[in-house]
Amino acid sequence: MLLYVTLGTNDLTRAQRFYDAALAALGYERRVTETDEIGYEAADDRRCRLWVTKPYDGKPATFVNGTTIAIEAPSRAAVDAFYKAGLANGGTDEGPPGLRPFHPNFYAAFVRDPDGNKLAAVCEKPE
C-alpha cells in the first residue's frame with residue numbers, strides 16, 4: 001500500500017548517523033545522499049522507501065504524537081541490533097525488544113530518532 005515514507009529532520013548529519021546505523025542492522029542501506037535529504041532501501045528494491053529530509057517549507061521539522069513507522073526486520077536478532085544501534089547513535093528508548101500482545105510472534109523494539117520520530121523494528125517470524 002505505501003510507496004514511501006518521509007520523515008523530517010532539523011539536522012541531516014545527525015539523522016544520517018542514526019539512520020545509517022539503525023537501518024543497517026535491519027539490512028537496509030542509504031542509496032541517496034543530497035544536501036537536503038537521504039534515502040534508504042533494501043538491497044533488492046528498486047527505489048528508496050524511507051526518506052529523511054529537511055522540510056521543504058523551511059520551517060522546523062516536528063514529530064506527531066501517535067505516529068509510528070514500523071520497519072520489517074528479518075529476525076529477532078536484527079530487532080535487537082536495531083534497538084542497540086539506534087540508542088548508540090542518538091535515539092531514545094520507546095520500548096525495548098520483546099514480544100508484544102498483537103500476536104504470538106510480534107517481536108518489536110521502539111526507538112525515537114534524534115528529531116523525535118518514532119520507529120519500530122518488527123519481526124513476525126517464530127523464533
Side-chain angles (χ1 to χ4, degrees):
M1 178 192 308
L2 297 176
L3 186 61
Y4 65 87
V5 173
T6 300
L7 297 170
T9 184
N10 294 304
D11 185 334
L12 196 59
T13 301
R14 179 183 67 185
Q16 182 176 310
R17 280 191 305 270
F18 173 86
Y19 282 97
D20 282 0
L23 294 181
L26 301 176
Y28 301 101
E29 59 187 64
R30 180 169 33 94
R31 295 285 176 93
V32 176
T33 305
E34 300 291 340
T35 58
D36 60 348
E37 65 184 357
I38 50 180
Y40 295 85
E41 66 182 71
D44 61 348
D45 207 343
R46 67 182 203 282
R47 67 170 42 176
C48 293
R49 302 289 179 174
L50 179 68
W51 291 90
V52 182
T53 182
K54 293 179 182 177
Y56 291 107
D57 65 5
K59 295 179 183 177
T62 60
F63 61 91
V64 179
N65 188 27
T67 300
T68 302
I69 305 300
I71 303 166
E72 185 175 15
S75 67
R76 291 180 182 191
V79 171
D80 297 347
F82 162 85
Y83 180 77
K84 289 176 186 172
L87 295 184
N89 287 278
T92 55
D93 173 39
E94 280 289 319
L99 290 169
R100 300 301 193 264
F102 308 122
H103 65 69
N105 293 313
F106 196 99
Y107 188 86
F110 298 85
V111 175
R112 286 199 184 267
D113 75 7
D115 288 289
N117 297 300
K118 189 175 178 183
L119 306 167
V122 180
C123 177
E124 296 185 291
K125 299 174 185 174
E127 190 168 33

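Residues in residues 68-82 take part in these side chain to side chain donor-acceptor pair (under 3.5 Å) pairs, two or more places apart or across chains: Asp80-Tyr107.
Counting all heavy atoms, side chain and backbone alike, Phe63 lies closest to Gly116 at CG-O, 3.3 Å. Closest non-hydrogen pair, Ala85 versus Ala21, comes out as CB-O, 3.6 Å. Looking at every heavy atom in both residues, Gly91 comes nearest to Phe18 through CA-CE1, 3.7 Å. Contact between Arg30 and Asp20 at its shortest, heavy atoms only, is NH2-OD2, 2.7 Å. Closest approach of Lys54 and Leu12 over heavy atoms only: CE-CB, 4.1 Å. In plain terms, the two heavy atoms of Arg49 and Asp45 that are nearest each other are NE-OD2, 2.8 Å.
Hydrophobic clustering keeps Val32 apart from Leu2 (ILVMFWY residues linked when any side-chain heavy atoms are closer than 4.5 Å, directly or through intermediates). Taking hydrophobic clusters as Ile, Leu, Val, Met, Phe, Trp and Tyr residues chained together by side-chain heavy-atom distances below 4.5 Å, Val79 does not share a cluster with Tyr83. By the rule that hydrophobic residues join a cluster once side-chain heavy atoms approach within less than 4.5 Å of another member, Ile69 and Val52 end up as members of one cluster. Following chains of ILVMFWY side-chain contacts shorter than 4.5 Å, one cannot reach Phe110 starting from Tyr28, and the two form parts of different hydrophobic clusters. Side-chain heavy atoms closer than 4.5 Å link hydrophobic residues (I, L, V, M, F, W, Y) into clusters, and following such links, possibly through other members, connects Leu7 to Phe82.
Heavy-atom neighbours of Asp57 CG from other residues, nucleotides or ligands within 6.0 Å: above the threshold of 12.
Atoms CG and OG1, on Leu119 and Thr67 in that order, are 11.5 Å from each other to the nearest 0.5 Å. If you take CD on Glu127 and CG on Asn105, they are separated by 9.5 Å, rounding to the nearest 0.5 Å. One finds the CD atom of Glu41 at 12.0 Å from the CG atom of Leu23 (value rounded to the nearest 0.5 Å).
At least one cation-pi condition fails for Arg47 and Tyr4: the charged atom is not both under 6.0 angstrom from the six-membered ring centre and inside a 45 degree cone around its axis.
In summary, the side chains of Asp36 and Tyr56 do not present any donor paired with an acceptor at a separation below 3.5 Å, with no hydrogens or angles considered.
In this structure, Arg100 contributes its side chain and Ala108 its backbone to a donor-acceptor pair below 3.5 Å. Of the possible polar contacts, none joining the Asn10 side chain to the Pro60 backbone as a donor-acceptor pair under 3.5 Å is found.
Taking Phe102 as the reference, Phe106 meet the ring-ring contact (aromatic ring centres under 6.0 Å, His included) condition, with sequence neighbours excluded.
Two residues are said to be in side-chain contact when any heavy atoms from C-beta on lie closer than 4.5 Å; Leu26 and Tyr40 fail this criterion. Considering only heavy atoms from C-beta on, Tyr19 comes within 4.5 Å of Leu50 through its side chain.
For Arg14 and Asp115, the salt-bridge test passes: some basic side-chain N is under 4.0 Å from an acidic carboxylate O.
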